[in-house]
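Whatever order the structure lists them in is the order used to number ligands and atoms, beginning at 1. The figures that follow rest on heavy atoms only: side chains count, while hydrogens, waters and symmetry mates do not.
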Amino acid sequence: MNTSPSQVIEAARRRLGGRLAILAHHYQHDDVVRHADHVGDSLELSRKIAELSAEYIVFCGVSFMAETAAILAAPGQKVFIPDARASCVMSEMAPGGLAEKIALKLRATGRNLIPLTYVNSSGRVKALCGDLGGSVCTSANAATMLTWALGQGRGVLFLPDRMLGENTCDRLGIPPEKRQILDIRREGALIDPRAAQKAEVLLWPGRCVVHTRITAGHIRTARAAHPGALVAVHPECPPQTVREADAAGSTSFLIRFVQEAPAGATVFIGTEENLVLRLAARYAGEKTVIPLLASRCSNMAKITEEKLAAQLANLENEPPVVVSNDIREPAKLAVDRMLAACAPRTTP
Ligand code: 13P
Ligand code: SF4
């Protein structure tokens, strides 16, 4: 008789008991989410690691999330990802070596900038931030962390997401003339040092291919077809999209936005479709939840129930995510600065 992936996962749970914890990001498919002990956004899942006593942590998300979990894991805990090829396109837009070269080049212009990286980045970029007095942010606490970094009075290098950076500057009232979008071609040889001297926030030109597809035009079309509809989007969307929406915020914010919408409302959500469809099903008959655009993260989709089952079947012999000490220690310092700077409940 064939054993289903679900049966394999349940058998592993019985075998490993409290030694196993399965974490899933909200963008995972329902087939994966239903097996998770904890479902959350990046910030919630980062915080969760410190509370876990499980020896085996299986992270269903993209690789930077599993790597962050490995950085935060206690000695003796092992972190696994069911498909190590599930990378984040945005995080790959800031290769560690290039980020180091450009940070040093900017310092050579006389600016002792504080680097602040979105958690969607490699361990090496987080380590650079830790080494240079900087930190990490998530979409839930970007405003808090940019305020923290600017408060040091040295200007900020924000990476890798230009959109989150611009939207956070808009939210904090930092005008466009105080921002500079970095030209990272030719290892930074094209960066204008005079503009770099003046800018308060220097933005790395990375972006999310899933969210930048969601435009202000999609919002106008949705509103024309559904007058009175509410619209909320993720801050990885372009600034024009965020300005057109009723609200913007992290994954957890978007979940609360739907939850708090009045009964009978039509709510358009601009983010990864798995989450939006799950919300639509959860509130069916009470309110109508519609994806602003059918936009899926192909890397999140690399994690499947079958791969989770295959990994759990033989977990004790699977290779865990490994982060070398020279990356882990400064990267942890950067993440710990974020956890310390943010109260446990952070606004979007
Ligand atoms: P959150 O920080 O909202 O979890 O988002 C992570 C992400 O990858 C969004 O594309
Ligand atoms: Fe990266 Fe975008 Fe996918 Fe999030 S949705 S993991 S930012 S590519």
Only heavy atoms count here, so choose which of Val209, Thr251, Ile255 is nearest to atom 3 (O) of ligand 1.
Thr251
Ligand-side contact atoms (ligand 1) for residue partner Tyr27, heavy atom cut-off under 4.0 Å
7 (C), 9 (C), 10 (O)
Using a 3.5 Å distance criterion without hydrogens, assess whether the side chain of Asn274 forms a donor-acceptor pair with backbone atoms of Tyr27.
yes
Are the side chain of Gln77 and the backbone N or O of Ala74 linked by a donor-acceptor pair below 3.5 Å?
yes
Does His234 have a heavy atom less than 4.0 Å from any atom of ligand 1?
yes
So, leaving waters aside, the tally of protein N/O/S atoms less than 2.8 Å from atom 1 (Fe) of ligand 2 stands at 1
Look at Arg34 together with Glu305 and state whether they make a salt bridge at an N to O cut-off of under 4.0 Å.
yes
Do Ser91 and Tyr118 pair up side chain to side chain, a donor and an acceptor below 3.5 Å, judged on atom types alone?
no
Using a strict 4.0 Å cut-off to heavy atoms of His25, name the atoms of ligand 1 that fall inside it.
1 (P), 4 (O), 5 (O), 6 (C)
Judged by non-hydrogen atoms, does His211 sit under 4.0 Å from ligand 1?
yes
Pair His226 and Phe268, ring centroids less than 6.0 Å apart:
yes
Show the nearest heavy-atom pair for residues Gly165 and Leu203, with the distance to one decimal.
CA-CD2, 3.5 Å
Take Arg47 and Glu51 through the test salt bridge (charged side-chain N to carboxylate O under 4.0 Å, His left out) and record every step on the way to the result.
CA-CA 7 Å; Arg47 285 210 178 104; Glu51 295 168 17; over 6 Å; no
If you measure from the Lys or Arg side-chain nitrogens to the Asp or Glu carboxylate oxygens, is any gap between Asp83 and Lys302 under 4.0 Å?
no
For residues 95-112, pull every pair meeting salt bridge (Lys or Arg N to Asp or Glu O under 4.0 Å), keeping only residues two or more places apart or in separate chains.
Glu100-Arg124, Lys101-Glu187
Under-4.0 Å heavy-atom contact with ligand 1, by part of Asn120 that carries it
side chain
His218 side chain to Thr215 side chain, donor-acceptor N/O pair below 3.5 angstrom:
yes
For Val267, does its backbone N or O pair with a side-chain atom of Lys287 as donor and acceptor, under 3.5 Å?
no
What atoms of ligand 1 come within less than 4.0 Å of a heavy atom belonging to Glu236?
7 (C), 9 (C), 10 (O)
Nearest neighbour in protein (non-hydrogen) for atom 6 (C) of ligand 1
Ser42 OG, 3.5 Å
Which ligand 1 atoms are under 4.0 Å away from a heavy-atom of Ser139?
1 (P), 2 (O), 3 (O)
Strictly under 4.0 Å, does any heavy atom of Met300 approach an atom of ligand 1?
no
Numbering as shown, the atoms of ligand 1 that approach Asp41 to under 4.0 Å (heavy-atom distance)
4 (O)
